[in-house]
Structures are given as C-alpha cells and as structure tokens.
Amino acid sequence: MWSVTRPLLQECTLACYRLLSAMTQAVPPILSITPSRALVDEKFQVLVENLPPGCPVTLHSLHHSEDKDDWEAYGHYVSDHRGVVSVTEDLSFGGTYTGKEPMGLLWSMRPVPGSREGLRLRKINVCTPMLVNISVHSGHEDFRDRTPLASALAERWYMAPGVKRIDINKQGVQGTLFIPPGPGPFPTLLDMWGGGVGLLEYRSALLASRGYVSFSLDYLRSEHLSADVEFKYFETAFNIIRNHPQVIPDRVGILGISLGSTVAFNLTAYSTIIKPRCIVCISSNHYHPPGTTLKAGFKILSKYVLLTVCHENLMIIQIIVTNMYHRHFHKAHFDENNYMSWRSFGLDLIADPSNNVEVGRINCPMLLVNGCDDQNWPTVETAEEVARLLREGGKEHLLSRLAYPGAGHLIEPPFSPHFRATKFIILNSKKKVILLWGGHTKAHSDAQEDSWRKILSFLQLHLYHSPSVKAKL
C-alpha cells in the first residue's frame with residue numbers, strides 16, 4: 001500500500017511545501033510542548049498548529065548527550081482538516097515508531113546514523129536536565145535536509161526542585177544520598193545498579209523526586225579483603241541511611257538491578273543487621289557462590305568474556321582460563337551481529353543450588369521485575385526458582401512478580417531509550433565488549449512504563465502505608 005500511495009504523498013508534499021512557504025510569510029507553524037519542563041517519568045504533549053490541512057510532516061527529536069553523542073527519534077504525520085498535528089492523538093505512519101505513541105519521540109531514540117557502535121544513553125549530572133530539541137519538518141523523506149518549520153525545547157529532569165543531593169564518603173562507604181523536599185522523615189531505599197563501572201545517580205534522584213530518601217551506593221570500586229569485610233561494607237551503608245535524621249529507621253527498602261539484585265537477595269537472606277522492609281529486584285540474579293565476594297562472583301562471569309574470541313572484527317583480550325571457565329564457556333552465545341549473550345552459561349551456573357543465595361531465608365515482601373527476552377541472564381528462570389523456594393517454605397505470599405514479553409535486561413525508568421546491545425567495561429579492567437541485553441523497542445518501552453508505575457505502587461504499599469509513617473511532603 002505504501003508504494004501505491006507514495007507518488008500521491010510526494011505530490012502532496014510538494015504542494016504543501018509551496019503552501020507552507022507562502023504561509024510562513026504570514027502565519028508560521030507553531031510547535032508547543034506541554035509541559036516543556038517535567039520529570040522524566042511524566043508525559044508531555046507535542047502539538048503543531050498552523051499547517052495546511054492534509055500536509056505530510058515529520059516530527060523529529062534530537063538530544064546531544066553528555067558523552068557528546070547525538071540521539072534522535074522521528075515520526076511521520078499528516079495534519080488534520082484544521083492543519084494540526086497532535087503527537088498524543090494522531091498516528092505516526094512511519095519513522096522510529098508507528099501508531100499513536102505520545103512519548104515515541106523519547107523512548108524510540110537511537111544514535112544518529114554514523115555514530116559509534118554500542119552506545120548507551122545515561123544521565124551523568126542529575127543537577128541538570130536532559131535537553132531534547134523537537135522540531136517539525138515538511139515531508140516524510142529527506143526531512144533532515146530541510147530547514148525546520150518550527151521547534152521547541154523540552155527539559156526532562158531526574159531531580160525535582162527541592163531535592164537535596166549529598167555526597168557520602170564516611171566510614172569507608174561511598175555513594176550519593178538524595179533527600180526529598182519537605183521536613184520528613186521519609187521512607188528510604190538503598191539503590192544499587194549492576195556490574196558496570198561508575199556510580200549512577202539518576203534513578204535515586206527520581207526516587208527522591210517521588211518522596212523517598214534514596215542512597216545510590218558505589219560498591220564495585222571499593223576494595224575489600226574478604227567476603228566478611230565486603231558484607232560489613234553493605235551493613236555500614238545500611239546503618240548510615242537508617243540513622244539519618246530524615247529517615248524513618250524501620251522503613252528502609254532495597255532496590256537493585258542485575259548484580260544489584262544479587263546484593264539485595266544476599267543481604268536480605270544472610271545479614272543479621274540489614275532487615276529491609278521490602279526489596280525490589282529488577283532483572284533478578286541470585287547467583288552468588290558461598291564464601292566469595294560479590295566481586296569474585298562477578299569475576300567468574302567477567303572471565304568468560306576475557307577470552308580470545310574472534311568473530312569478524314570482534315577481538316577480546318586473552319587470559320588464562322581454568323578448566324571450570326572453559327567447561328561453561330562453550331555455552332556462551334553470539335547473535336548474528338556477534339554480540340555476546342551470557343544467558344546460556346548463566347543457566348548452567350544457577351543449575352547448581354549451591355551457587356545461589358538461599359532466598360528461602362528472606363522474610364520481607366519482594367517484587368521481581370523481569371523481561372522475557374532477557375539475553376544477558378536467565379532472569380525469568382531465576383524468578384521461577386525463587387517462587388519455588390518460597391512456596392516450599394510457606395512464604396510465597398511475600399512474592400510479587402512482573403514478567404514482560406519482549407522486554408530485555410536493561411529495564412530503566414519510563415521513556416528511556418531501549419538498548420538491545422551496548423559496550424560493557426569488564427570489571428577491574430578497561431576492556432570493552434558488546435553485550436547483548438535483549439528486548440524489542442516497543443515492548444521494552446511498554447515494560448519500562450508499566451513496571452515503574454507498579455514499582456512505585458509496591459513501595460507506596462510497603463514503605464508508606466502504615467500508621468507509623470508520618471513523612472510530610
């Protein structure tokens with residue numbers, strides 16, 4: 001059908017372009033974003049007015065990241081009989097998204113053509129907004145070659161006005177604390193990311209914007225001598241936030257993604273000091289061989305990657321591999337783009353119950369959030385195993401599960417771009433590989449929006465809904 005209508009569309013485009021050229025002399029098109037300044041989990045409305053009726057146009061979003069990369073999304077629209085295009089109400093007929101997608105100009109963002117391979121978009125400085133320029137162009141083809149008819153700037157914030165950001169470096173613990181506006185005290189979350197390098201703050205900033213003190217903990221760069229010392233590091237971090245004057249001490253939860261979920265399971269199951277009110281595990285992972293540090297457990301995975309593997313242009317540094325690593329490595333999978341998936345040997349590792357956290361010891365409510373197309377780790381299988389162990393112990397009532405078909409491993413806050421595969425820096429090295437995370441853009445975006453809403457509801461239920469919770473926002 002598209003090939004039949006294309007000549008007509010091209011004719012309409014030329015006619016509209018001539019009419020637009022004349023109209024802009026008198027009544028130029030107007031593009032508005034409402035609200036133009038908002039938190040990243042809030043929706044906006046994009047409206048274009050003063051177009052000719054039935055005019056083909058392209059809405060284009062562009063963001064220049066803190067890593068100096070450009071990201072874009074675009075949708076093809078046709079103005080209605082009033083000369084209006086509403087991204088909230090109208091259908092996109094093509095582009096990086098199709099259909100009625102009010103936030104498609106954000107969640108379908110991808111690196112512009114010619115960008116470096118394996119990029120991932122993450123906010124570094126949460127004290128500044130993510131700036132997105134949205135413009136409207138005439139026509140559906142070669143729109144980048146045309147001067148925008150109109151444009152506007154959207155500010156997307158992780159940190160709401162009044163949220164306090166505090167660097168923490170005490171008692172050997174490092175991280176960043178975010179405190180909501182208002183007198184408090186507040187329920188609190190210990191927030192932990194996965195096995196990447198560096199401290200990430202943007203989820204904690206957003207949680208504080210939603211009424212929770214949140215401590216983004218830096219735990220992989222800290223050097224520890226033994227599993228016992230490492231365990232004390234987390235217990236010290238937990239006590240630091242629990243004893244803060246703006247924290248309700250018996251309303252502290254834990255949120256972790258990927259390796260961070262391993263930490264959440266481990267601490268909740270074994271610590272005599274850390275007694276969280278609830279835990280949220282995104283892309284669940286309960287693999288942690290007993291007696292090892294979290295770093296040591298992660299190194300087991302890392303060494304699978306640090307092999308000599310030649311797949312076209314991908315060369316990864318060679319190290320000595322023990323028989324144990326070699327026994328599992330043949331199960332590692334490369335897709336058609338030579339991106340590496342850890343899912344296959346992850347299944348092999350967790351098959352031995354002695355390698356896993358004894359989640360049956362956990363006594364608090366937990367929410368597991370997983371993508372059914374996770375290619376990095378067998379998270380759905382992990383959730384099934386957690387459910388089985390809790391059921392056997394008579395604790396299944398503590399468990400809530402969310403599983404999203406078509407979603408991958410990197411489940412982020414709403415409207416974040418989807419990353420099916422990205423560069424990944426191996427722990428304790430500067431070596432980079434391309435890891436396959438999985439997911440399909442539309443399904444993954446829907447999962448991010450839905451899961452965030454349900455995570456906030458879960459936290460509200462278990463951290464706020466109690467007569468003893470008296471935070472004043």
Side-chain angles (χ1 to χ4, degrees), residues 33 35-44 61-71 103 106-107 109 119-133 153-170 173-182 184 186-194 196-221 237 240-241 244 246-247 253-258 260 280 282 410-419 422 425 448-449 451-452 455-456 459 473:
I33 305 169
S36 60
R37 177 181 296 175
L39 291 174
V40 295
D41 60 354
E42 295 175 335
K43 292 185 176 182
F44 59 23
S61 61
L62 184 66
H63 170 66
H64 186 65
S65 75
E66 291 161 303
D67 293 325
K68 311 303 180 184
D69 297 299
D70 289 327
W71 295 73
M103 305 303 290
L106 294 182
W107 60 253
M109 274 190 167
L119 296 178
R120 183 174 175 184
L121 180 59
R122 292 186 288 193
K123 193 75 176 74
I124 308 299
N125 181 5
V126 297
C127 297
T128 63
M130 176 181 173
L131 298 176
V132 182
N133 185 72
L153 190 66
E155 293 185 9
R156 307 292 292 175
W157 289 84
Y158 284 94
M159 197 163 78
V163 171
K164 297 177 183 177
R165 178 191 175 278
I166 302 171
D167 291 319
I168 299 295
N169 188 355
K170 58 190 297 188
V173 172
Q174 296 180 347
T176 308
L177 187 68
F178 292 88
I179 302 176
F186 303 96
T188 301
L189 286 160
L190 180 63
D191 183 19
M192 291 172 290
W193 285 85
V197 174
L199 176 65
L200 298 175
E201 301 180 352
Y202 56 90
R203 188 172 61 199
S204 277
L206 189 58
L207 287 166
S209 301
R210 293 305 176 198
Y212 300 91
V213 171
S214 186
F215 184 31
S216 184
L217 181 64
D218 190 353
Y219 64 96
L220 283 178
R221 288 190 296 181
I240 287 174
I241 56 174
H244 194 282
Q246 288 191 276
V247 168
I254 300 177
L255 189 153
I257 182 171
S258 192
V280 177
I282 304 171
L410 300 178
I411 298 177
E412 300 257 32
F415 318 127
S416 301
H418 164 240
F419 316 102
T422 68
I425 302 176
Q448 291 187 149
E449 183 177 356
S451 64
W452 182 251
I455 287 170
L456 292 180
L459 296 175
L473 297 178

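The analysis underlying the following values was restricted to heavy atoms, covering all of them including side chains, and did not include hydrogens, waters or symmetry mates.
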Do [X] and [Y] touch side chain to side chain, with heavy atoms closer than 4.5 Å?
| X | Y | answer |
| --- | --- | --- |
| Ser65 | Trp71 | yes |
| Asn133 | His63 | no |
| Pro413 | Gln448 | no |
| Phe186 | Ile179 | yes |
| Gln174 | Asp167 | no |
| Ser216 | Arg203 | no |
| Val213 | Pro180 | yes |
| Asp218 | Ile168 | no |

With distance as the sole criterion, is a donor-acceptor pair present between the side chains of Thr176 and Glu201 under 3.5 Å? yes
Ignoring hydrogens, what is the shortest heavy-atom contact between [X] and [Y]? Give both atom names and the distance.
| X | Y | value |
| --- | --- | --- |
| Ala208 | Phe178 | CB-CB, 3.6 Å |
| Gly194 | Ser258 | CA-CB, 4.2 Å |
| Pro417 | Met109 | CB-O, 3.6 Å |
| Ser36 | Leu153 | CB-O, 3.9 Å |
| Tyr158 | Ser416 | OH-OG, 4.3 Å |
| Lys43 | Pro35 | O-CD, 3.8 Å |

Checking Ser209 side chain against Ala160 main chain: does a donor-acceptor pair fall under 3.5 Å?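 Indeed, once roles are kept as given, a pair shorter than 3.5 Å links the two residues.
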Any donor and acceptor pair, going by atom type alone, linking the side chain of Glu66 with main-chain N or O of Asn125 inside 3.5 Å? yes
Begin from the C-alpha positions of Thr188 and Phe215 and carry the test side-chain contact (heavy atoms from CB on, under 4.5 Å) through to its verdict. CA-CA 8 Å; Thr188 301; Phe215 184 31; 5.6 Å; no
Would you call Glu42 and Arg37 a salt bridge, taking side-chain N to carboxylate O under 4.0 Å as the test? no
Interatomic spacing from [atom1] in [X] to [atom2] in [Y] - rounded to 0.5 Å:
| X | Y | atom1 | atom2 | result |
| --- | --- | --- | --- | --- |
| Cys127 | Trp157 | SG | CH2 | 8.0 Å |
| Leu121 | Asp69 | CG | CG | 9.0 Å |
| Glu412 | Asp41 | CD | CG | 13.0 Å |
| Leu459 | Tyr212 | CG | OH | 5.0 Å |
| Met130 | Phe415 | CE | CZ | 12.5 Å |
| Asp67 | Ile124 | CG | CD1 | 5.5 Å |

Determine, stepwise, if the pair Met159 / Thr128 fulfils side-chain contact (heavy atoms from CB on, under 4.5 Å). CA-CA 8 Å; Met159 197 163 78; Thr128 63; over 6 Å; no
Check the pair Arg120 / Leu410 against side-chain contact (heavy atoms from CB on, under 4.5 Å), numbers first and verdict last. CA-CA 10 Å; Arg120 183 174 175 184; Leu410 300 178; 3.7 Å; yes
Which word best sums up how the rings of Trp193 and Tyr202 line up, parallel for under 30°, tilted for 30 to 60°, or perpendicular for over 60°?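 The arrangement is tilted - the two ring planes meet at 30° to 60°.
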On the six-membered ring of Phe44, is Arg156 placed so that its NZ or CZ lies under 6.0 angstrom from the centre and within 45° of the ring axis? yes
Audit row: Asp191, Ser204, side-chain hydrogen bond (donor to acceptor under 3.5 Å, both in side chains) steps and yes/no: CA-CA 7 Å; Asp191 183 19; Ser204 277; 2.8 Å; yes
Give the C-alpha distance, both sets of side-chain angles, the deciding distance and a yes or no for side-chain contact (heavy atoms from CB on, under 4.5 Å) between Val280 and Ile254. CA-CA 6 Å; Val280 177; Ile254 300 177; over 6 Å; no
